[in-house]
Trainee: 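Quick one: this structure, given as structure tokens, is what I'll be asking you about.
What you see below is based on every heavy atom in this structure, not just the backbone, and it leaves out hydrogens, waters and symmetry mates. Just so we're on the same page: letters track the sequence lines, and every chain starts at 1.
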Amino acid sequence: MSDTTKPPSDARRAFLSQLGLAATYTGAVAGLGALGVAQESSAKSESPAATESFPTPDYDWTKHQWAFGVDATKCIGCLRCVEACKRENGVAGDAHHFRTWVERYVYLEGETRARVDSHHDPVNIEASGSEGEYRFANRYKDAKVEKAFFVPKLCNHCTHPACVQVCPVGATYRTEDGVVLIDHDYCIGCRYCVQACPYGARLFNEEQGVSDKCTWCYHRITKGLQPACVEVCPVGARVFGDMNDKQSPISLFVRNNRVQVLRPESGNAPNVFYVGIDKEVV
Amino acid sequence: MPKHIVRLLLLMAAAAVLGYAAKIFFTSESFYKYGPYRADSVPELASQEPVFQTPGYCQGCHAERHAQWSANSHKSVSCEVCHGAALGHPLNGKLPIPTDTAKLCSLCHEAMPGRPGTQPQVEVAQHSSGQQCIVCHNPHSPKIVSAAVMVAGDAAAGAKRAAACSSCHGTNGISPNDTWPNLAGQHAAYLARILGAYKSGAQKDVMMTPIAQSLSDADVQDFAAYYGGLSCKAAPGNTGIGDAAAGKALANNCTACHGETGIAGNPAWPSIAGQKPAYLVNALKAFRAGLRKDPMMAGVARSLSDADISNLAAYYAGQNCGPATR
């Protein structure tokens, strides 16, 4: 503290920072002494990352901001998306494990609440013939239907995801380009995230003992392809694209429609935007 | 400093060093690189191989199919929706061609509350009486385009000039020869369409092409009206060319357009009940060989053997053309 011209607060700050440095240095030396090899290699991996594109040589995640759109007025409930997602991502073949699904809302005459079913409803499983095939049974064919529609659902890839917040081991995270992913190597299968998600979008893979979820087909979008569910949708009810590109399908979708998100009050700030859903859809 | 405090401090320092070393040892190198997660897991996930390819991938080999598909109303339905994911194809073998199309097509086209009105939907039971959809619809070009045209010709004017046709098609539109078709009682809309096709060159025949080219559009309408109004009652032709019973079983695939007994429900399609058997055989073979061009018939005839064709001809030639005498 030889420099007396400094105000007392600066002097204190300098002292504290020196103390911090000293502590870090001592710790580093101690760590190096204990595990010199590990320390060295970890320092090495820091340097080249700044210039290279991540996560792949052809794809830089800082240049994209993905988002998803669902036009429920177009959905015909064919469930090709559900089947394609399972095939693309190797999700278990039974009806009760799925990363995306479609809900059918039916308001019958004289009823005030919607009847909701999805492909894993026993009636629909029976109609499809097996748990590995997906079909909506025509169960309201002869009923007096006042209003009915289908709503595709999937992970909302929230900006402030509750599932990431609760993960105790850092196994789930949000990427720079706006996709919430799971590191299956780190997941300990505690299922906090499954419970934390307000949308019920996560599932548990009992075979591997890890949580699982929609990745927006991260392996496809990083190669310039569409997610599998978007690729197979025959009516264009699912829209995907880069919000950074003002002419991308999703930018146009959000700009040209009045969109809404599910459960905005939860504070998760979803990135799946809906058109044509009703008050009971959450 | 008292000894026991020094010991305690040393113990705490040792614990801190040990803890820090353990953290370094157990934490992946890339953890904290971009955030509190293992950065290496991102390229791991991104490196997974896509299972679904794109129609562009299919186009590489199936250019002709791709061209037909992409020009028609099913172009929003990607190849892999019906044929399955293309990863490993063609290396690991063929992709399936759906056989139970009634089941597949009804996934999207079964009339169901909740489907938007813009989606083409049918009551499956009434629409096809259990037949496979591809009997009538080409999945790559599903719309049936041969819509009936209104025939507004003058039958009397047609009758006056019909003498020129009678040497082959008979005085009353009943052909004297097994290889030439009867015209009497045929749907006028079909007659006008097919005569128009000879005239335009869309369909070719050594005899018919020059004759049709000399006709005006009004003539075509007049002839269609005249022959469509005649009675088709005629002695059945030689039905001995095939097995009518076997033909009846095969004919299940024809009924949706040509009617159960060969009386077509839609005037755009020809009635074939009581038609000349040899003519039916020739026509089917021409469709099969691609000499007569019709997207529907080409698909249907492709799978028929010579024996099948004879059996079908025998069956339809033996049917009563009765109700078509309108």
Trainee: Considering only heavy atoms, which portion of Y140(A) lies under 4.5 Å from any heavy atom of chain B: side chain, backbone, both, or neither?
Mentor: both
Trainee: Count the heavy atoms belonging to other residues, nucleotides or ligands that lie under 6.0 Å from CD of E146(A), then report whether that count exceeds 12.
Mentor: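 It does: E146(A) CD has more than 12 such atoms within range.
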Trainee: Side chain, backbone, both or neither: which part of A111(B) has a non-hydrogen atom closer than 4.5 Å to chain A?
Mentor: backbone
Trainee: Within a strict 4.5 Å, meaning less than it, do heavy atoms of the H219(A) and S47(B) side chains meet?
Mentor: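 No, their side chains stay 4.5 Å or more apart.
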Trainee: For Q121(B), is it the side chain, the backbone, both or neither that has a heavy atom under 4.5 Å from a heavy atom of chain A?
Mentor: neither
Trainee: Heavy-atom cut-off 4.5 Å, strictly under: side chain, backbone, both or neither for Y105(A) against chain B?
Mentor: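 Neither part.
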Trainee: With side chains defined as the heavy atoms from C-beta onward, is the minimum distance between Y186(A) and Y37(B) less than 4.5 Å?
Mentor: no
Trainee: For R115(B) and C75(A), indicate whether the former's side chain and the latter's backbone hold a donor-acceptor pair under 3.5 Å.
Mentor: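 Checking the backbone N and O of C75(A) against the side chain of R115(B), no donor-acceptor pair under 3.5 Å is found.
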Trainee: Please step through salt bridge (Lys or Arg N to Asp or Glu O under 4.0 Å) for the pair K141(A) and E110(B), ending with a clear verdict.
Mentor: CA-CA 10 Å; K141(A) 188 168 55 174; E110(B) 180 181 16; 5.7 Å; no
Trainee: For Q48(B), does its backbone N or O pair with a side-chain atom of R220(A) as donor and acceptor, under 3.5 Å?
Mentor: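 It does not hold such a pair.
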Trainee: Counting only heavy atoms not in Y192(A) (residues, nucleotides, ligands), do more than 12 fall under 6.0 Å from its OH?
Mentor: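 12 or below, so no.
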Trainee: Of all of T215(A), V232(A), I221(A), I76(A), which one pairs up most often with chain B through heavy atoms under 4.5 Å apart?
Mentor: I76(A)
Trainee: Going by atom types only, do Y173(A) and S41(B) share a side-chain donor-acceptor pair under 3.5 Å?
Mentor: yes
Trainee: If I take atom CG from residue L45(B) and atom OG1 from residue T175(A), how far apart are they, to the nearest 0.5 angstrom?
Mentor: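 Rounded to the nearest 0.5 Å, the CG-OG1 separation comes to 10.0 Å.
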Trainee: For P36(B), is it the side chain, the backbone, both, or neither that has a heavy atom closer than 4.5 Å to a heavy atom of chain A?
Mentor: backbone
Trainee: Please examine the side chains of E88(A) and P50(B), heavy atoms only from C-beta on, and report whether any two atoms are closer than 4.5 Å.
Mentor: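 Yes - at least one pair of side-chain heavy atoms lies under 4.5 Å apart.
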Trainee: For each of R174(A), R104(A), K223(A), tally heavy-atom pairs with chain B at distances under 4.5 Å, and name the one with the top tally.
Mentor: K223(A)
Trainee: Is it the case that over 12 heavy atoms from other parts of the model lie below 6.0 angstrom from the CD atom of Q165(A)?
Mentor: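 Open.
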Trainee: So P113(B) and V106(A), do their side chains get closer than 4.5 Å, heavy atoms only?
Mentor: no
Trainee: Considering only heavy atoms, which portion of R139(A) lies under 4.5 Å from any heavy atom of chain B: side chain, backbone, both, or neither?
Mentor: neither
Trainee: Can you tell which part of T222(A) gets under 4.5 Å to a heavy atom of chain B, answering side chain, backbone, both or neither?
Mentor: side chain
Trainee: Check whether Q119(B) gets within reach of chain A through its side chain, its backbone, both or neither, counting any heavy atom under 4.5 Å.
Mentor: side chain
Trainee: Checking R87(A) against chain B: side chain, backbone, both or neither under 4.5 Å from a heavy atom?
Mentor: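 For R87(A), heavy atoms of backbone and side chain both lie under 4.5 Å from chain B.
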Trainee: Can you confirm whether more than 12 heavy atoms, excluding those of E176(A), are under 6.0 Å from its CD atom?
Mentor: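 Buried by this count: over 12 neighbours within 6.0 Å.
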Trainee: Using heavy-atom distances under 4.5 Å, tell me whether L225(A) contacts chain B through its side chain, its backbone, both, or neither.
Mentor: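 Side chain only.
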Trainee: For the residue pair F54(A) and V42(B), establish whether any side-chain heavy-atom pair is separated by less than 4.5 Å.
Mentor: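 A side-chain contact under 4.5 Å exists here.
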Trainee: Are there residues of residues 71-80 of chain B whose heavy atoms fall under 4.5 Å of chain A's heavy atoms? If so, which?
Mentor: S76(B), V77(B), S78(B)
Trainee: Atom CG of L104(B) and atom CZ of R135(A): how far apart are they, to the nearest 0.5 Å?
Mentor: 8.5 Å
Trainee: Is it the backbone or the side chain of Q226(A) that comes under 4.5 Å from a heavy atom of chain B, or both, or neither?
Mentor: neither
Trainee: Side chain, backbone, both or neither: which part of V179(A) has a non-hydrogen atom closer than 4.5 Å to chain B?
Mentor: neither
Trainee: Less than 4.5 Å to any heavy atom of chain A: does that hold for the side chain of S28(B), its backbone, both, or neither?
Mentor: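 Its backbone and side chain both get close to chain A.
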Trainee: Output the option from K23(B), E44(B), K103(B), E49(B) having the highest count of non-hydrogen pairs under 4.5 Å with chain A.
Mentor: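 Sorted descending by pairs with chain A, the first entry is K103(B).
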Trainee: What part of A137(A) gets within 4.5 angstrom of chain B, counting heavy atoms only: side chain, backbone, both, or neither?
Mentor: backbone
Trainee: Need one label for C217(A): side chain, backbone, both or neither, based on atoms under 4.5 Å from any heavy atom in chain B.
Mentor: neither
Trainee: For A84(A), is it the side chain, the backbone, both or neither that has a heavy atom under 4.5 Å from a heavy atom of chain B?
Mentor: both
